[in-house]
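First up is the structure itself, then whatever we jot down about it.
First the proteins, then the strands, lettered A, B, ... as listed; each starts at 1.
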4 protein chains.
Amino acid sequence: MKHTDVETLFANNLDTANLSDKQRSVLKASLTLFAQKGYENTSTLDIAKLAGVSEGTVFKHFKTKDGLLQAVLKPFLQDIFPRVAGEFVQDLQATQILEFSDFLRFAVRDRIVYAMDNRAEMKIMIQEMVKKPQILEELTTRLGVLLQSAINQLFVSYQDKGELVKWDSMRIVRTICGVIVGYLIPNIIMSDECLDIDATTNEICEFLLHGLQP
Amino acid sequence: MKHTDVETLFANNLDTANLSDKQRSVLKASLTLFAQKGYENTSTLDIAKLAGVSEGTVFKHFKTKDGLLQAVLKPFLQDIFPRVAGEFVQDLQATQILEFSDFLRFAVRDRIVYAMDNRAEMKIMIQEMVKKPQILEELTTRLGVLLQSAINQLFVSYQDKGELVKWDSMRIVRTICGVIVGYLIPNIIMSDECLDIDATTNEICEFLLHGLQP
Amino acid sequence: MKHTDVETLFANNLDTANLSDKQRSVLKASLTLFAQKGYENTSTLDIAKLAGVSEGTVFKHFKTKDGLLQAVLKPFLQDIFPRVAGEFVQDLQATQILEFSDFLRFAVRDRIVYAMDNRAEMKIMIQEMVKKPQILEELTTRLGVLLQSAINQLFVSYQDKGELVKWDSMRIVRTICGVIVGYLIPNIIMSDECLDIDATTNEICEFLLHGLQP
Amino acid sequence: MKHTDVETLFANNLDTANLSDKQRSVLKASLTLFAQKGYENTSTLDIAKLAGVSEGTVFKHFKTKDGLLQAVLKPFLQDIFPRVAGEFVQDLQATQILEFSDFLRFAVRDRIVYAMDNRAEMKIMIQEMVKKPQILEELTTRLGVLLQSAINQLFVSYQDKGELVKWDSMRIVRTICGVIVGYLIPNIIMSDECLDIDATTNEICEFLLHGLQP
DNA sequence: GATGAATGAGCATTCATTCAT
DNA sequence: TATGAATGAATGCTCATTCAT
């Protein structure tokens with residue numbers, strides 16, 4: 001139940017691709033700078049300098065600056081998010097014996113930790129989603145499919161035990177995610193470093209348990 | 001209980017300032033284009049063309065492009081949002097006789113309509129907030145003060161009637177806002193035009209009533 | 001019967017257009033450099049420097065480097081060539097009283113002088129024609145129409161006097177032009193400065209008179 | 001009297017040089033692309049891709065891109081053109097028995113076919129000649145020497161028979177070439193595929209015979 | 001006040017060329 | 001010998017900003 005953080009997953013993802021060391025460092029520099037200053041305010045020269053390579057190298061594999069952005073986001077969309085979601089689902093299923101309240105507390109805490117650990121990356125994603133909504137669309141579809149199939153039985157079992165309101169499981173997921181998002185977005189945007197995770201978890205769970213009881 | 005939409009308020013706001021017709025049209029053009037393409041991807045020439053003025057005029061009053069952005073956001077932050085919040089508070093206070101559930105339904109619906117009516121403007125705010133978090137900070141502080149003083153008595157009365165959980169009123173506000181934000185953000189980002197307002201209101205309220213009952 | 005040379009016509013043409021002094025000098029610098037080094041080997045910075053303006057100015061009116069080339073060639077294609085052709089036709093018609101041999105000598109000499117006076121400009125045209133054949137197409141059509149209507153009667157009168165072979169007048173024009181082109185192209189390409197105009201005129205005319213007699 | 005076309009000669013020429021298969025394919029790719037898009041608009045990467053080799057290989061033998069161009073043009077200038085000219089001269093000499101008119105018809109037709117068969121290659125040569133006039137100089141000198149020595153006797157014999165004007169043989173050659181060039185250049189530039197060779201030959205010869213009769 | 005020509009630093013991108021493997 | 005990643009100068013082009021009229 002120990003989780004790999006996104007940065008490590010990202011680095012691993014790079015290793016599997018057929019990229020040279022320099023190209024890898026270009027991607028890392030891009031991630032850093034896009035998160036720090038936003039895509040539009042990061043010049044390819046900035047990236048080249050931080051990566052310790054020439055500008056030509058930046059374009060050798062990624063063709064365009066946008067290609068670079070895609071290459072930075074691709075692993076998040078196509079590999080890391082699903083894998084993290086998968087890990088999450090496995091964890092959830094391993095907790096079936098728990099009561100719904102314990103389960104919820106675990107799940108919420110897990111996601112909060114995950115989101116706050118990767119504040120920077122989340123910021124890029126939010127920026128890009130606002131500019132290109134289809135990213136959000138693809139992501140929700142992708143994660144939706146993944147979660148629904150895995151989580152359905154779990155919710156049914158809680159519903160059978162009378163611990164969970166008998167809504168459609170997607171609605172429950174949406175509700176939980178919505179509440180978490182609503183709580184965390186200010187913290188992500190403000191790069192709030194001193195969020196009290198336990199207190200936040202408690203606050204969110206107390207409310208969710210009320211709202212989701214039958 | 002009829003609300004002025006943001007665009008009209010914006011135009012009115014412009015009228016009160018000591019700006020010439022040309023300067024006004026510059027601000028309007030900026031609002032339109034920033035919402036459409038984002039701040040970074042809008043050139044001052046674009047603005048000048050849409051406003052029907054010369055490039056020089058764009059800089060006459062607003063000095064820099066960033067000054068223009070500030071001038072576009074200022075009325076939202078310093079005037080329109082507070083005024084809309086004030087209207088909203090007045091409406092809420094006028095409904096004191098209702099039960100909490102009716103009150104909540106009204107409030108939620110009102111905010112959803114407001115947010116969806118001004119999707120474009122919301123998008124700029126989100127973009128800018130992600131880039132410059134202090135905007136979010138200022139806004140929350142500002143609205144927080146305004147709402148707290150106005151809404152406190154209202155919540156206490158509902159709490160006395162046993163219709164509302166006895167949390168701190170700010171926590172209740174934060175919770176309600178968080179849930180609404182969590183629900184609406186995807187629709188705002190995706191400029192979703194066909195949101196079923198009644199269904200969404202019902203879904204949110206059903207959940208909130210559960211979660212906020214004592 | 002005195003002819004304005006292309007450079008003067010070009011300058012005049014510029015004066016009529018609504019261009020600033022700087023833009024005019026950009027066009028002149030472009031003409032010079034394109035002729036000297038060819039389009040591809042001339043950078044916009046080269047042009048800016050020679051014109052004594054900033055690079056931005058180069059693009060202000062002409063949008064792209066290709067736009068600049070078009071602006072340089074346009075007056076040749078749409079204004080100067082036709083006007084020169086018109087002048088030429090008028091001159092020819094004014095010489096009707098002469099014998100065909102005198103007429104031919106005059107015409108050939110006139111065109112040789114014209115071509116050699118504007119060697120540089122001719123070089124650009126040749127380069128561009130090789131790259132974009134439709135320029136040649138447009139030019140031949142344009143000049144063809146102009147010459148045919150004007151020259152037909154003239155040739156008929158010479159044919160009636162038994163001084164000129166009874167070919168279609170377009171064929172005669174094509175033949176004369178072809179011979180001149182065949183003779184001059186080496187000199188234009190090599191920017192040959194010491195062409196003996198009288199000797200060349202004699203050589204061409206002697207041959208053409210033989211070939212074009214009935 | 002059947003002629004090998006330039007492309008085959010080119011390939012043969014490559015075979016004789018001590019080049020590897022890869023180098024040969026680099027030269028072929030260069031010829032193709034330079035003809036298609038011009039020297040300046042062809043990148044060494046384009047060439048490498050079409051040749052199916054790496055970029056490094058392109059530079060292994062030819063050192064620079066210009067070296068590549070020289071290597072492409074060298075066989076034309078130093079080998080193919082002279083050889084073709086030689087073939088042509090031999091053919092001409094084999095026709096001594098004919099009348100001048102038959103001889104001319106054959107010669108003109110032969111050159112037209114040759115030029116039109118190799119339109120693409122001609123285009124490169126024209127482009128390069130305009131940019132670097134010394135190519136034209138070298139070529140004319142080279143061909144001049146070759147033709148003069150071979151053709152002098154032939155012309156004298158026709159002149160003795162009273163079929164050919166008693167001009168210097170170089171002037172006659174220049175005249176014939178000039179007329180052909182003047183006729184064909186438009187077709188080469190426009191890559192005109194549907195030239196009626198017989199009609200053109202007739203037209204040119206009819207005129208040349210008039211012009212070159214004593 | 002308004003204009004729009006002019007600026008010049010900055011940007012993404014290309015490309016001939018080199019060199020370690 | 002062949003490769004292709006790396007280079008970095010050069011290029012076409014953009015854009016916020018200034019200023020003379």
Holding to salt bridge (Lys or Arg N to Asp or Glu O under 4.0 Å), I want the full list of residues that pass it with B/K37, two or more places apart in sequence or in another chain. B/D46
Nearest nucleotide by nearest heavy atom, which residue falls closer to the 5' end of DNA chain F, A/V58 or B/S43? A/V58
By salt bridge (Lys or Arg N to Asp or Glu O under 4.0 Å) - contacts of D/K132 (at least two apart): D/D66
Any base atoms under 4.0 Å from D/K60, or only sugar-phosphate, or nothing? Heavy atoms, all strands. base
Side-chain ion pair, C/E138 and C/K74, N-O less than 4.0 Å: no
Donor-acceptor pair under 3.5 Å: do we get one between C/E55's side chain and the base of F/dC13? yes
Using a cut-off of less than 4.0 Å, is there contact between a side-chain N or O of C/T57 and OP1 or OP2 of E/dT7? yes
Name the one of C/V58, C/I47, C/D21 that satisfies side chain to side chain contact (heavy atoms under 4.5 Å, CB included) with C/V53? C/V58
Closest-nucleotide mapping onto DNA chain E: is A/Y39 or C/G52 further toward the 5' terminus? I mean the 5' end. C/G52
Go through E/dT17, E/dA12, E/dG8 for me and flag the one nearest to the D/F59 side chain. E/dT17
Under a 3.5 Å distance rule, please check whether D/K65 uses its side chain to pair with a backbone N or O of D/T42 as donor and acceptor. yes
In Å and rounded to the nearest 0.5 Å, what is the CD1 to CD1 distance from B/I126 to A/I189? 7.5 Å
Give one of base, sugar-phosphate or nothing for D/Q23, where a contact means two heavy atoms less than 4.0 Å apart. sugar-phosphate
Once Watson-Crick and G-U wobble pairs under 3.5 Å are found, how is DNA chain E written in dot-bracket notation, 5' to 3', with | for any base paired to another strand? .||||||||||||||||||||
Are OP1 or OP2 of E/dA6 and a side-chain N or O of C/K22 less than 4.0 angstrom apart? no
Within less than 4.0 Å of OP1 or OP2 of E/dT18, is there a side-chain N or O belonging to D/K63? no
